[in-house]
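So that the names make sense, note that chain A is the first sequence line, chain B the second, and so on, each numbered from 1.
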Amino acid sequence: MSEALIQLKGVTKSYTRGKQSVPIFERLDMTIPQQDFVAIMGPSGSGKTTLLNLLGGIDKPTGGEIVFDAKRMDNLDESKLASFRAGNVGFIFQFYNLMPMLTAAQNVELPLLLTKLGPKARRERVNTALSIVGLSDRARHKPSELSGGQQQRVAIARAIVSDPKLLLCDEPTGDLDRETAGEILSMLQTLNRDLGKTIVMVTHDPEAARYAKRMLHLDKGHFSEKDLAA
Amino acid sequence: MGRTFTQIAAVTMMNLRSIPDRLWTSLSTVIAVAMVTAVLLGFLALANGFQSTVQGSGSPDVAVMLRKGSGSELNSNLTREQSLLVEEAPGLARGADGKALVSPELYVVVDGIKKSSRTKANLPLRGLGVRANQVRSGIKISAGRMFTPGTNELVVGRAVSRQFEGFELGRKIRLAAQNWTVVGEFEAAGSVFESEIWADVAVLQGLYQRGSSVQSVRARLDSPASLEKLKAYSEADPRLKLDVQAERSFYAEQGKGMSDIILYLGWPLAIAMSFGALAGALNTMYASVDARMREIATLRAIGFGGTPAFVGTMVESLLLSAIGGVVGALATYLLFDGISAATLGSNFTQVVFALKMTPQLVVQGVVLALVIGFVGGVFPAWRAARVPLLAAFKEQ
């Protein structure tokens, strides 16, 4: 068993709606090893995206601890969380979230603007990321000139360009047809297998979940696990 | 620091490149700011033009003498004895015949009909002494000739012949129940004199039953410094006791009141209109932030700070307003600079002047535009900096 990349220890999360507190998780425990590829499934409102936000440092837990690479991150302030995200996490969204006014290469370059890399080094990293997703010939195209699958590949290139350990995918194939979805999921598998990226993927789609090494089912604030590799 | 700047530059460029997606709201802000700037600059150009015309009228080496405390030529009255005493004063320039260059003058008001509105307006009719031409410099008869003393002949300022009916060269006109002939037209470097009609002082004295009295005496000084000698001379003689001023400061004082009124009208109106433009700018910038909510949240999720989002929004707002300011200034310059206007001067007579734009006025207009852009941008920019990161995960 690989070393743990992320650990959730007794994590509680609730939202306040009016004067009422609405619990999402109660004392949730979870461990994600390095180089894992885990799919999280569950009914709407079960807290899948909330979990993803907690893992990515976008949201903070109400209670408990979140440990990333042996360091607590739930108690970081907003600025340190931003640095944490920039250095450790790549996000892949359902609707790609590309900047429409930028070319594919410029979109991919965005996370590198947060690093100390100079323009030449950034350009090289962008070219590498685009070649990994097979879009070197589309570097100068804007999102509106690309298909949905190509846009998601650009988003994947953006997520991996700064070489983060963790990729968080929120319904990455939710807006794609079956064939394109298969291509994207295969690519995620490759990133996990060949580049050692730890991937947490939220999905409604059991077919998509099959590409992961294991699947966690989240319901009523608790997990049930199914090992897909077995 | 370098990375923060790179982030700011990247976000700002994204904001600016997305303006075409919000073309109409952005354009409405530009137009609103342009209109505010144009209104302000219109008033400022009006005040500036009036001030330049009136203040540019005076010469530092011509002295104007009025009855003590009279304030303006219309209220003044000087006797022939006083005029003659002035001719003996020290520090006056003298002609080839050795006589002081002094012009006793009468200043009365006559009716003119404006060509533009065909309405009546007061025009100044000035009676000049025989040496008036030598007293005043910068006066040039541009058409016809000077009037002949002792006759009902007139010469008119260029502005009068352009703006009022019946003052064209050679025309006969009835003024003060008398028939007059326009025998000449003169230029006075765009000064207030171009809004005057000149005739022989002796003819006017008879016509208006003023006997030998006049309203002002002008005298050419041998140097501007001699004004003090003339003042001292006037104060020392109990028969004189005149208000003695250099012509330049006399007109500067006369013009200040009216240009202040124009300014006091212009600024409040521009500020009132600014609130409308401000509402437009706020609306545009809030729309801009709302339209880019997911993009901003995505950048924040990637690791960008709130500062680039704030600065990017501010730059967009300031840029739109600056464009509006420049468009407004350009429109004012093209539409109004140099056009003639007329208003009442301090003697309740029409002063014709040209609206005058200057770089300083343009700067004032653009500064107002930038203030609108700043206030209109700061609240939306604050919202942009605080966009919830969860917005990155929502469908738009």
Candidates Ile66(A), Leu28(A), Asn75(A), Thr12(A) - the one meeting side-chain contact (heavy atoms from CB on, under 4.5 Å) with Pro61(A): Ile66(A)
Max heavy-atom pair count under 4.5 Å with chain A, selected residue of Ala301(B), Ser18(B), Ala10(B): Ala301(B)
Engaged part of Gln106(A) at the chain B interface, taking heavy atoms whose separation is under 4.5 Å: side chain
Interface moiety of Thr50(A) toward chain B, non-hydrogen atoms closer than 4.5 Å: neither
Residues Asp177(A) and Thr180(A): side-chain donor-acceptor under 3.5 angstrom: yes
Under 4.5 Å from a heavy atom of chain B, the part of Glu171(A) involved: neither
Asn48(B) side-chain N/O to Thr358(B) backbone N/O, donor-acceptor pair under 3.5 Å: no
Option in Ala297(B), Ala9(B), Gly303(B) with maximal non-hydrogen atom pairs under 4.5 Å from chain A: Gly303(B)
Donor on one side chain, acceptor on other, Asp59(A) and Tyr15(A), under 3.5 Å: yes
Residues Ser288(B) and Arg292(B): side-chain donor-acceptor under 3.5 angstrom: yes
